[in-house]
There are 2 protein chains.
Amino acid sequence: MAKHRPYICGIDAAMDVVGGKWKGLILWALHEGRRRTGELRRELPGVSEKMLIQQLRELEADGIVHREVYREVPPRVEYSLTERGVELNDALSPLSAWGQRHMPTIHAQREATSRA
Amino acid sequence: MAKHRPYICGIDAAMDVVGGKWKGLILWALHEGRRRTGELRRELPGVSEKMLIQQLRELEADGIVHREVYREVPPRVEYSLTERGVELNDALSPLSAWGQRHMPTIHAQREATSRA
DNA sequence: TGTGGTACTCACCAATTGGTAAGCATTGAA
DNA sequence: TTCAATGCTTACCAATTGGTGAGTACCACA
């Protein structure tokens with residue numbers, strides 16, 4: 001996770017919660033509804049099992065996602081957004097729109113500068 | 001910086017741009033107007049010179065900040081937001097508000113769980 | 001008796017990131 | 001002649017993060 005220093009501002013705090021390598025993507029996936037662990041893994045191309053679970057645990061600790069275990073065999077675990085998680089996702093949506101808009105340019109610029 | 005893989009969604013792209021350790025804070029500081037290097041350093045408690053400049057370079061490469069050098073002695077360099085940077089900052093503001101709202105709880109929860 | 005499916009957990013190693021401290025160039029002022 | 005101020009850059013090391021692959025527990029089912 002991160003350091004326990006006092007936050008400098010709201011951005012600082014929000015970034016600390018959502019800044020993990022896969023957290024934005026996890027949140028976005030859960031936006032569409034609850035998901036089993038395996039479903040999430042399949043929806044996030046490239047995530048390792050270790051990472052996925054670690055990030056989910058951190059989000060859970062921050063009160064963003066809710067983890068529900070069904071005592072079945074084989075085991076079933078479902079993740080969903082808490083109320084706070086829904087709020088966070090809403091707050092993320094302008095950022096998402098910005099990303100959509102600028103994604104092609106950014107990608108192209110990085111390709112270009114890495115060739116130089 | 002990060003990998004040159006294609007982005008999965010807008011959040012993915014935006015996080016790639018703004019996810020650096022100090023970038024959110026730099027953006028927030030520049031929101032209030034142009035800043036000299038030394039001013040930024042003093043406004044971000046704990047940042048090292050190396051990190052500050054590295055993050056500024058990356059933001060510049062992504063077209064978020066503009067760097068202007070005045071040929072004086074001692075040298076003067078000023079950073080300001082580009083149009084794209086202003087847009088990004090606007091998109092960040094709901095996130096900032098969310099952070100403000102939840103910052104005390106999050107901080108407290110992390111303190112608690114780290115004691116456990 | 002053995003295999004499959006699910007959600008983890010762990011140990012180990014490699015890659016990335018961050019911190020520290022020093023150095024450089026320039027020129028006006030002491 | 002030496003120093004301070006400013007914005008960088010570099011080398012080196014430590015800490016953090018991420019990937020891989022194996023192992024665990026459980027029970028249904030063949």
Side-chain angles (χ1 to χ4, degrees), chain A residues 1-5 8 12 15-26 29-30 34-62 65-80 110 113-114 116, chain B residues 1-5 8 12 15-26 29-30 34-62 65-80 110 113-114 116:
Chain A
M1 195 93 77
K3 319 97 255 292
H4 293 288
R5 44 135 198 203
I8 295 167
D12 195 17
M15 280 299 160
D16 200 24
V17 169
V18 92
K21 192 176 183 192
W22 298 98
K23 291 183 183 173
L25 266 10
I26 291 174
L30 290 180
R34 48 177 43 225
R35 290 280 187 281
R36 299 186 55 168
T37 315
E39 291 176 323
L40 281 175
R41 199 179 47 232
R42 284 184 290 272
E43 286 184 34
L44 307 190
V47 73
S48 71
E49 193 144 5
K50 180 181 112 175
M51 271 293 105
L52 176 62
I53 287 166
Q54 182 180 309
Q55 305 275 298
L56 283 167
R57 289 282 185 283
E58 294 182 4
L59 289 170
E60 193 192 357
D62 284 333
V65 309
H66 170 72
R67 176 168 181 267
E68 187 143 12
V69 182
Y70 296 84
R71 314 201 115 282
E72 304 172 357
V73 168
R76 181 159 64 104
V77 177
E78 287 188 352
Y79 294 92
S80 53
R110 296 206 173 175
T113 54
S114 71
Chain B
M1 195 92 76
K3 330 74 276 263
H4 294 286
R5 45 137 198 202
I8 295 168
D12 196 16
M15 281 299 161
D16 201 24
V17 169
V18 92
K21 192 175 183 193
W22 297 96
K23 291 185 183 173
L25 267 8
I26 291 174
L30 289 180
R34 47 180 40 226
R35 289 281 187 280
R36 299 186 55 166
T37 315
E39 290 176 324
L40 281 175
R41 200 180 44 232
R42 284 184 291 272
E43 286 184 34
L44 309 190
V47 73
S48 70
E49 193 143 5
K50 180 182 113 175
M51 271 293 105
L52 175 62
I53 287 166
Q54 183 181 308
Q55 305 273 298
L56 283 167
R57 289 282 185 283
E58 294 182 3
L59 289 171
E60 193 191 358
D62 284 334
V65 308
H66 171 70
R67 175 168 181 267
E68 187 144 12
V69 182
Y70 297 85
R71 314 201 116 282
E72 303 171 359
V73 167
R76 180 159 65 105
V77 177
E78 287 189 354
Y79 295 92
S80 53
R110 295 206 175 175
T113 54
S114 72

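By convention in this document, chain letters (A, B, ...) are assigned in the order of the sequence lines, proteins followed by strands, and residues within each chain are numbered from 1. Reckoned from all heavy atoms, side chains included, excluding hydrogens, waters and symmetry mates.
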Asker: If you take all heavy atoms of A:Glu43 and A:Ala29, which pair is closest and at what distance?
Answerer: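 Closest approach of A:Glu43 to A:Ala29, heavy atoms only: OE1-CB, 3.6 Å.
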
Asker: In whole Å, I'd like the distance from the CG atom of A:Leu52 to the P atom of C:dA7.
Answerer: 10 Å

Asker: Starting from P on D:dC26, measure out to CZ on A:Arg71 and report it in whole angstrom.
Answerer: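 These atoms are roughly 10 Å apart.
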
Asker: Does any non-hydrogen side-chain atom of B:Met15 lie less than 4.5 Å from one of A:Leu25?
Answerer: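 In short, these two side chains do not touch, never coming nearer than 4.5 Å.
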
Asker: Write down the distance between CG (A:Leu40) and P (C:dC8), rounded to a whole number of angstrom.
Answerer: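 Result: 11 Å.
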
Asker: Can you tell me how far P of D:dT16 sits from CE of B:Met51, to the nearest Å?
Answerer: 15 Å

Asker: Compute the bend angle of the helix from C:dT1-D:dA30 to C:dA30-D:dT1 from the end axes (five pairs per end), rounded to 10°.
Answerer: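 Inter-axis angle at the termini of the helix from C:dT1-D:dA30 to C:dA30-D:dT1: 30°.
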
Asker: Could you pull out the closest heavy-atom pair between B:Ser80 and B:Arg34, with the gap in Å?
Answerer: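 Looks like OG-NH2, 3.8 Å.
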
Asker: From CD of A:Gln54 over to P of D:dG18, roughly how many Å is that when rounded to an integer?
Answerer: 7 Å

Asker: Only pairs under 3.5 Å count here: list side-chain donor-acceptor contacts from residues 45-52 of chain A, not counting sequence neighbours, and write none if there are none.
Answerer:
{"residue": "A:Ser48", "atom": "OG", "partner": "A:Met51", "partner atom": "N", "Å": "3.3"}
{"residue": "A:Glu49", "atom": "OE2", "partner": "A:Arg41", "partner atom": "NH1", "Å": "3.2"}

Asker: Might you point out which heavy atoms bring B:Arg67 and B:Tyr79 nearest each other, and give the distance in Å?
Answerer: NE-OH, 3.3 Å

Asker: Return the CZ to CD distance between A:Arg42 and A:Glu39, rounded to the nearest 0.5 Å.
Answerer: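 The distance works out to 6.5 Å.
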
Asker: Between A:Leu30 and A:His66, is there a side-chain heavy-atom distance shorter than 4.5 Å?
Answerer: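 Sidechains of A:Leu30 and A:His66: no contact.
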
Asker: Shortest non-hydrogen contact from B:Trp22 to B:Gln55?
Answerer: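 Shortest heavy-atom separation between B:Trp22 and B:Gln55 comes out as N-OE1, 3.2 Å.
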
Asker: Tell me, for nucleotides 2-9 of chain D in 5' to 3' order, what letter each nucleotide earns: B for a base near a protein heavy atom under 4.0 Å, S for only sugar-phosphate near one, - for neither?
Answerer: ---BBBBS

